Amino acid sequence: MQQIQVGVSLVGSGSARLPVFLSNEELGQVVDTSDEWIQTRTGIQQRGLLQAHGSLSDLAATAGQSALEMAAVGATEVDLIILATSTPDDLFGSAAQVQAQLGATRAVAFDLTAACSGFVFALVTAAQYMRNGVYKTVLVIGADALSRWTDWTDRRTCVLFGDGAGAVVLKASDRDRLLGFEMHSDGALNGCLNLRYQADSDPLVEGKTVQKGTYQPITMNGKEVYRFAVKRVPEVIEKALFRADLTPADIQWLVLHQANQRILDAVADRLKVPSERVVSNMARYGNTSAASIPLALDEAVRDHRIQPGDIVASAGFGAGLTWGAAIFEWG
Ligand code: ACO
């Protein structure tokens, strides 16, 4: 009798590197800031910028292709593509364009929006389709181009964000290597971080209007988001570890959303994870939102820091507000 495979394994990772980066010094030509201020407060040195001819779906497809290659999985084997993004090329969704670009002709594809928690939420969503036996091969991509919606005159936000994409391939397996997860939302804190649609009224017929407007650039209460992150992220990781029957001492790699080095340090400190076990690449990419966890994971896998069998604690947090953690065994 054929064994039913309802476990989840993460078998490949990939990323897309942009050719154009903006340094802190260059940013100093745009707003009143300095390399010293940005590095001390955030740890960021430069960020990737999507150029006018680039698209979010190109970026996502490049990351997806590199993850498929590492996993030695053909595009036509993929059953499902989930694209975590808050900055699609098309508000109807960009995942189907990625599906077409990859030639993943059998795959159903959809977008998932949860800001900087998007990758963790997408990973957990994908796992549910696999655990119930419906899909066997899934591509989860996190891709964002927040530079599209950044106010480049606001020094409190524009220094933080960068563009990028990362991806993982999930395969059904007899042992479930997604060991535990926990996710939360609190819309009462929504005002702390917004990329909000602002509607104007457009008269249509007598007494009736339609909305006509556009999205407004990102606004953020940095101090509130910082406070939220350093309190909620260790908590959510501890809960996910509890579900996995593990403790913080079992964490071999901490792969957090790359928002701010000070947040990473505070979380690692609280969980007593030594700094050499914390994957950090925000110095080179900035905060790439849904892309940041798979980008950091992919770097650490490719330079052989993360090995098959290693226990990884990942956590995303951000707008919504949303936050979530996933504990998995790599490979
Ligand atoms: N360059 C120079 N000075 C600056 C800059 C800048 N880029 N930005 C702010 N300042 C000034 C401020 O005007 C202020 O000056 P003042 O005291 O004269 O008024 C001073 O620096 C301190 O500003 P604060 O806002 O208090 O700085 P803070 O220490 O809080 O650091 C930061 C700001 C880095 C944004 C921090 O609050 C933070 O990291 N918060 C978390 C943000 C985050 O991670 N957001 C992403 C979430 S993920 C998502 O979903 C997108």
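Just so we're clear, the structure is a prediction, and the values are computed from it rather than from any experiment.
The closest donor-acceptor contact from the side chain of Q99 to the backbone of A104 lies under 3.5 Å. Remark: side-chain polar atoms of N24 are not paired, donor with acceptor, to backbone N or O of E36 under 3.5 angstrom. Side chain of D250 to main chain of T247: a donor-acceptor pair is present (N/O by atom type, distance under 3.5 Å, no hydrogens or angles). In terms of modelled atom types and a separation under 3.5 Å, the side chain of D144 and the main chain of S86 share a donor-acceptor contact. The closest donor-acceptor contact from the side chain of R196 to the backbone of G191 lies at 3.5 Å or more, if one exists at all. Judged by distance alone, with hydrogens and angles left aside, the side-chain atoms of S292 form no donor-acceptor pair with the main-chain N or O of T288 at under 3.5 Å. In this structure, N260 contributes its side chain and R41 its backbone to a donor-acceptor pair below 3.5 Å.
Here the side chains of I306 and V255 are in contact, with some heavy-atom distance below 4.5 Å. Residues L204 and T209 fail the side-chain proximity criterion, which asks for heavy atoms closer than 4.5 Å. Q258 has its side chain within reach of N281: a pair of non-hydrogen atoms, C-beta onward, lies under 4.5 Å apart. Residues D176 and R131 meet the side-chain proximity criterion, which asks for heavy atoms closer than 4.5 Å. Taking 4.5 Å as the limit, some side-chain heavy atom of T87 sits within range of a side-chain heavy atom of W149. Two residues are said to be in side-chain contact when any heavy atoms from C-beta on lie closer than 4.5 Å; L10 and V312 fail this criterion. Looking at R302 and M70, their side chains come closer than 4.5 Å, going by heavy atoms from C-beta outward. Here the side chains of D58 and Q101 are in contact, with some heavy-atom distance below 4.5 Å.
Closest non-hydrogen pair, S147 versus L49, comes out as CB-CD2, 3.8 Å. Between R177 and S9, the shortest heavy-atom contact is NH1-OG, 2.7 Å. D310 and Q252 make their closest contact through CA-OE1, 3.3 Å (heavy atoms, listed as atom of the first residue, atom of the second, distance). Of all the heavy atoms in A291 and G164, the pair that sits closest is CB-O, 3.2 Å. Nearest heavy atoms, R270 versus E238: NH2-OE1, 3.5 Å. Nearest heavy-atom pair, L56 versus A145, reported as atom, atom and distance to 0.1 Å: CD2-N, 3.8 Å.
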Intermediate values then yes/no, side-chain contact (heavy atoms from CB on, under 4.5 Å), L18 and L50: CA-CA 7 Å; L18 285 155; L50 192 65; 3.8 Å; yes
Apply the test side-chain contact (heavy atoms from CB on, under 4.5 Å) to residues L123 and V8: give CA-CA distance (whole Å), side-chain angles for both, the deciding distance (0.1 Å), then the verdict. CA-CA 10 Å; L123 177 67; V8 179; 5.8 Å; no
Begin with the C-alpha distance, continue with both residues' side-chain angles, and end with the deciding distance and a verdict on side-chain contact (heavy atoms from CB on, under 4.5 Å) for M220 and L160. CA-CA 11 Å; M220 182 181 73; L160 302 176; 3.3 Å; yes
How far apart are the C-alpha atoms of Q46 and R284, what are their side-chain angles, what is the distance that settles it, and do they pass the side-chain contact (heavy atoms from CB on, under 4.5 Å) test? CA-CA 5 Å; Q46 60 171 29; R284 282 170 287 122; 4.0 Å; yes
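For the residue pair N221 and R227, no side-chain donor N or O sits within less than 3.5 Å of a side-chain acceptor on the partner. Side-chain N/O atoms of E69 and Q65 include a donor and acceptor closer than 3.5 Å. For the residue pair D265/Q261, the side-chain donor-acceptor check at 3.5 Å is satisfied.
Atom OG1 in T62 sits 8.5 Å away from atom CG in L102 (nearest 0.5 Å). To the nearest 0.5 Å, atoms SG (C192) and CD (E224) are separated by 5.0 Å. Rounding to the nearest 0.5 Å gives a distance of 10.0 Å between CG of D200 and NZ of K212. Between atom CH2 of residue W152 and atom OG1 of residue T157 there is a gap of 8.5 Å, rounded to the nearest 0.5 Å. For the atom pair CG (D186) and CZ (R232), the distance works out to 7.5 Å, reported to the nearest 0.5 Å. To the nearest 0.5 angstrom, F121 atom CZ is 9.0 Å from H184 atom NE2.
Heavy-atom neighbours of F228 CZ from other residues, nucleotides or ligands within 6.0 Å: above the threshold of 12. By the neighbour-count criterion of 12 heavy atoms within 6.0 Å, atom CZ of R106 is densely surrounded, having more than that number from other residues, nucleotides or ligands. For D245, the CG atom is loosely surrounded, since the number of other residues' heavy atoms within 6.0 Å does not exceed 12. Counting non-hydrogen atoms of neighbouring residues, nucleotides and ligands closer than 6.0 angstrom, the CZ atom of R305 exceeds 12 such neighbours. More than 12 non-hydrogen atoms from other residues, nucleotides or ligands lie less than 6.0 angstrom from OH of Y197.
For the side-chain contact (heavy atoms from CB on, under 4.5 Å) criterion with T137, the lone passing option out of T76, V73, V11 is V73.
Salt bridge annotation for D89-R148: present, with a cationic side-chain nitrogen under 4.0 angstrom from a carboxylate oxygen. One finds no salt bridge joining R47 and D163 here, because no Lys/Arg side-chain nitrogen approaches an Asp/Glu carboxylate oxygen to under 4.0 Å. The existence of a salt bridge linking K171 and E77 is confirmed by a sub-4.0 Å separation between a basic side-chain nitrogen and an acidic carboxylate oxygen.
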Which atom pairs, donor and acceptor, lie under 3.5 Å between side-chain atoms of residues 314-331 and protein residues at least two apart or in another chain?
from	atom 1	to	atom 2	distance (Å)
S314	OG	A326	O	3.0
T322	OG1	S117	OG	2.8
T322	OG1	A319	O	2.9
E329	OE1	R175	NH1	3.2
E329	OE1	R175	NH2	3.4
E329	OE2	R175	NH2	2.9

Return a table of donor-acceptor pairs under 3.5 angstrom between the side chains of residues 107-114 and protein atoms on other chains or two or more places apart.
from	atom 1	to	atom 2	distance (Å)
D111	OD1	S94	N	3.0
D111	OD1	A95	N	2.8
D111	OD2	S94	N	2.9
T113	OG1	T85	O	3.2

Considering only distance and modelled atom types, tabulate donor-acceptor pairs under 3.5 Å from the side chains of residues 25-33, sequence neighbours left out.
from	atom 1	to	atom 2	distance (Å)
E26	OE1	S23	N	2.8
E26	OE1	S23	OG	3.3

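In this structure, V124 is not a member of the same hydrophobic cluster as L83, with clusters built from ILVMFWY side-chain heavy atoms closer than 4.5 Å. Cluster membership for L241 and L178, using ILVMFWY side-chain heavy atoms within less than 4.5 angstrom, is not shared. The cluster map of Ile, Leu, Val, Met, Phe, Trp and Tyr, joined by side-chain heavy atoms under 4.5 Å apart, puts L246 and V233 in the same cluster. Under a hydrophobic clustering in which Ile, Leu, Val, Met, Phe, Trp and Tyr are joined whenever their side-chain heavy atoms come within less than 4.5 Å, directly or via other members, F119 and L80 fall into the same cluster. Both I263 and I38 are assigned to one and the same hydrophobic cluster, defined by single-linkage of ILVMFWY side chains at heavy-atom distances under 4.5 Å.
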